[in-house]
Protein chains: 2
Amino acid sequence: MPVPSRPSAKLSVDPTVTPAVGRAAEAQPADLTWLLNRAAARMRGELDTVARLHGLAGVRDWIVLTALGVEGGRTQLQLGRELGVDKTTLTSLLDRLEDDELVVRRLDPRDRRARIPEVTEAGRRLQTRIAAARDEAEARLLAAFSPDEQRLLRALLTRLADSTAASGPCL
Amino acid sequence: MPVPSRPSAKLSVDPTVTPAVGRAAEAQPADLTWLLNRAAARMRGELDTVARLHGLAGVRDWIVLTALGVEGGRTQLQLGRELGVDKTTLTSLLDRLEDDELVVRRLDPRDRRARIPEVTEAGRRLQTRIAAARDEAEARLLAAFSPDEQRLLRALLTRLADSTAASGPCL
DNA sequence: ATAAGAACATCCTGGCCCGGACGATATCCG
DNA sequence: CGGATATCGTCCGGGCCAGGATGTTCTTAT
């Protein structure tokens, strides 16, 4: 994950690599990988907290809910691939969600081996609530940025995310 | 952790954002949490691959190596707190690194309970090699960005990372 | 000086996740 | 039509990580 920053070279004369592991952020061009992971971990943690507060077991539950809400009709395997979770993990995730009445496993009418998970009305409502809370949390963390900066950040990250993995897993 | 927010969404109503009613206004901003996590996961994966290619078990090993290279003299517990890994996990991490002669556990002369891990010369060399490979990988992923954009991205992320967690764990 | 309590590292146990095997079903091909 | 092969979902075993218990050592108070 994150990496304790290291100067991509340049002005650092020190062969022992750049100092500063976490604190004292320091102005040098901190390693991008580390910066990204740090910021991402923070926001993921925030979202995870929100999800737990709303009764879910973690972020992943919410992601599954969201994915199903965006587009249904996929089998578990397809969904797993899309989300980047192992099929077996998805099984247990869905078990829990189904217990909580947030999703239902319907039989695929065209393939009786396959199950097609669907969000229930309750699941949809919960997903929406959590999304709203997440937006709020994001806004809080972005308070120090001007609208222009926020747009810029989004734009840059979008380009970066797109260029790296066209449609890779997101977990 | 990210959220499968929608693709370039055009006409699809995005459930991840406020469900409002009709509003088509505003090209809704792709969820920042998802963008960040996606980009971060990609880069972390890249670094992990690099670390494995160089004989390590994963990114974490490299992070430990780096942290020790930056500043030694810390006990395992202190190091664990700094890095955000559980002390027990750090124990096994160090076991492996010590087997590979990349670090050594010295006894703290002032507290015989404590061990002070130190990087060996071999460990230092390996750390440097991997850091160089990482810089290369980063540069590759940033190829589509102009120098100005790269600086801007770094600056924005630095602000975000700083504002979120002053000195939280980095794992 | 000594005894009580805290601190450090390790070991052990439980939980989570992935890879492989299994039963059920679908598809292909003769 | 019928058998061989591939696919879907679930179950089982191994590996990894966090939390609790343990042995050793340091610190503090009497």
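Chain naming here is simple, since letters A, B, ... match the order of the sequence lines and numbering starts at 1 in each. All of these numbers come straight from a predicted model, not from anything done at the bench.
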Can you tell me if B:D148 and B:S146 form a side-chain donor-acceptor pair at under 3.5 Å?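 Per modelled atom types, B:D148 and B:S146 side chains form no pair under 3.5 Å.
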Test of understanding: with salt bridge (charged side-chain N to carboxylate O under 4.0 Å, His left out), list the residues that count as partners of [X], not counting sequence neighbours.
X: B:D108; result: none
X: A:E149; result: B:R159
X: A:E101; result: none
X: B:R140; result: B:E46

Quick one: which of D:dT10, C:dA9, C:dT10 gets closest to the side chain of B:L77?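 So the nucleotide nearest the side chain must be C:dA9.
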Identify the pairs formed between an N or O of the protein and an N or O of nucleotides 13-15 of chain C at a distance under 3.5 Å, and give each distance.
none

Hey, does the side chain of B:T91 come within less than 4.0 Å of C:dT10's phosphate (OP1/OP2), counting only N and O?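 Checking C:dT10 against B:T91, a side-chain N or O does come within under 4.0 Å of OP1 or OP2.
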Quick one: is B:Q78 getting a side-chain N or O under 4.0 Å of the C:dC8 phosphate, OP1 or OP2?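 Checking B:Q78 against C:dC8: no side-chain N or O falls below 4.0 Å of OP1 or OP2.
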Would you please name every residue forming a side-chain hydrogen bond (donor to acceptor under 3.5 Å, both in side chains) with B:R125, sequence neighbours left out?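 side-chain hydrogen bond (donor to acceptor under 3.5 Å, both in side chains) check on B:R125 returns nothing, list empty.
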List the residues meeting side chain to side chain contact (heavy atoms under 4.5 Å, CB included) with B:E136, not counting sequence neighbours, and say none if there are none.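 B:E136: no side chain to side chain contact (heavy atoms under 4.5 Å, CB included) contacts found.
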B:R106: side chain to side chain contact (heavy atoms under 4.5 Å, CB included) partners, not counting sequence neighbours: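 B:R106: side chain to side chain contact (heavy atoms under 4.5 Å, CB included) contacts with B:V104, B:E118.
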Counting only non-hydrogen atoms, which of residues 105-116 of chain B are less than 4.0 Å from DNA chain C?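 Contacts with DNA chain C under 4.0 Å: B:R105, B:R113, B:A114, B:R115.
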Would you indicate what B:T88 reaches in the nucleic acid, counting non-hydrogen atoms under 4.0 angstrom: base, sugar-phosphate, or nothing?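 Here B:T88 touches the bases of the nucleic acid.
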Would you kindly compare A:D86 and B:D95 by the position of their nearest DNA chain C nucleotide and give the one closer to the 5′ end?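 Comparing both residues, the 5'-ward one is B:D95.
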